[in-house]
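In each ligand, atom 1 is the first atom listed, and ligand 1 is the first ligand listed. In what follows, every heavy atom counts, from backbone to side chain, and hydrogens, waters and symmetry copies are set aside.
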Amino acid sequence: MRISGKTRVLGIIGAPVGHSLSPAMQNAAIEELGLDYVYVPFPVEPDFLGQAVEGLRRLGVWGFNVTIPHKSAIIPFLDRIAPEAELCGAVNTVCREGELLVGYNTDGIGFLASVREDLGHDPRGSSVLILGAGGAARGAVAALAGAGVACIVIANRTRERGVALVERCQSAFPGVRFVVSSLAEDELVEHLRGADLLVNTTSVGMNGTNFECLPLFALPPAGLVYDMVYVPAETPLLAEAKTRGLACANGTGMLAAQGEAAFSLWTGRQAPRSIMRQKLLAELER
Ligand code: ATR
């Protein structure tokens, strides 16, 4: 990789960013297409987010990803927010468009692409049970509602957050039936019985953690399970789904697909998918 005076700088801001797999994945794509770009990590603490965005703007940085904990907090510092990012209240990709910094959200696109590809499922007309009501859930709900699902049940530990998410989405998607649930077993059994797809958007499953009670037996035999967690590759939820013979996928495909969509936004080029996925899987194995 040759850096010159014309090299366009891309990057990622977050705290921490040291663990991010995006630099390896994006630089592999840049190298594959022989583009004059470079992608670097920028650790940014929450107190300095505004100054950091202003700095990136003044330094002429071409575009950047945004990760935890800045996805919502960055919105006031940007000039324009794309509709899908506005809807889920979170930005994961920023593009320079003329003098403006524009915020996008490619997490939802990535999630849908992964459901279609890794589970072979078109969500149109489906009933989906979402575990969680945070930022990741908002992205998934907006993407699924936009793709024409029939019903979305939001099951969250803190009920008010589920209610708030439904209120936010119901007016934007009047054709979708939204339901709020707790994580209590009897309620989950009832909702799982009618679900085509179960999606975990919470951090439960990372570091060997598991849900206290998730009655997976109630999901119909053709039901699908998607876990956004990708470390470990097989969470306890996915292990149980496999034992029960249910088709399932972890969040690796979503991580790759959101990165591919961001790459295309910045470069105007189709992302070299297999190279990006290979790099991602190699990094995950390390
Ligand atoms: P993200 O942007 O990754 O979604 P977040 O906005 O902090 O992160 O949301 C985390 C989600 O995981 C929330 O839905 C949270 O439930 P609460 O709203 O009750 O906090 C959920 N979550 C985290 N740890 C959990 C646990 N141990 N059991 C159940 N849900 C959990």
Side-chain angles (χ1 to χ4, degrees), residues 12-17 19-22 44 46 49 65-75 81 84-94 103-112 114-115 128-145 152-169 178-189 191-192 198-216 225-232 235-238 240 250-255 257-259 262:
I12 178 165
I13 61 170
V17 280
H19 68 289
S20 172
L21 303 174
S22 293
V44 173
L49 177 61
N65 280 132
V66 183
T67 189
I68 291 169
H70 305 315
K71 286 186 180 186
S72 295
I74 194 168
I75 289 177
I81 307 296
E84 82 288 346
E86 186 92 56
L87 192 64
C88 50
V91 163
N92 80 325
T93 302
V94 176
Y104 293 85
N105 191 313
T106 67
D107 285 334
I109 305 166
F111 166 66
L112 268 190
S114 181
V115 166
V128 185
L129 173 55
I130 306 263
L131 298 168
R138 286 203 298 268
V141 167
L144 288 166
I152 296 178
V153 180
I154 312 279
N156 199 44
R157 181 176 59 181
T158 311
R159 197 177 179 92
E160 305 83 71
R161 271 187 107 185
V163 172
L165 176 52
V166 165
E167 280 172 359
R168 190 186 181 105
C169 293
F178 288 96
V179 179
V180 179
S181 171
S182 71
L183 293 181
E185 181 171 12
D186 51 348
E187 237 184 312
L188 285 178
V189 165
H191 294 307
L192 280 168
L198 168 68
V199 183
N200 175 38
T201 72
T202 76
S203 49
V204 178
M206 287 179 192
N207 311 317
T209 53
N210 199 2
F211 288 97
E212 268 171 37
C213 167
L214 188 59
L216 211 51
V225 180
Y226 194 94
D227 197 334
M228 285 191 185
V229 174
Y230 52 87
V231 178
T235 59
L237 170 62
L238 293 181
E240 190 185 344
N250 71 13
T252 310
M254 175 177 169
L255 180 64
Q258 64 76 30

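What you find for Asp107 and Met254 is that their closest heavy atoms are O-CE, 3.5 Å.
Looking at Asn200 and Thr202, their side chains do bring a donor and an acceptor atom within 3.5 Å of each other.
Remark: of the listed residues Thr235, Val204, Leu216, Val204 is the sole one forming a side-chain contact (heavy atoms from CB on, under 4.5 Å) with Phe211.
By the 4.5 Å heavy-atom criterion applied to side chains, Ile13 and Leu49 are counted as neighbours. Residues Thr93 and Asn65 form a side-chain contact, since some pair of their non-hydrogen atoms from C-beta on lies under 4.5 Å apart.
Sorted by chain then number, the residues whose non-hydrogen atoms approach ligand 1 to under 4.0 Å are Gly132, Ala133, Gly134, Gly135, Ala136, Asn156, Arg157, Thr158, Arg161, Leu183, Thr202, Ser203, Val204.
Tyr104 pairs by the ring-ring contact (aromatic ring centres under 6.0 Å, His included) definition with nothing, not counting sequence neighbours.
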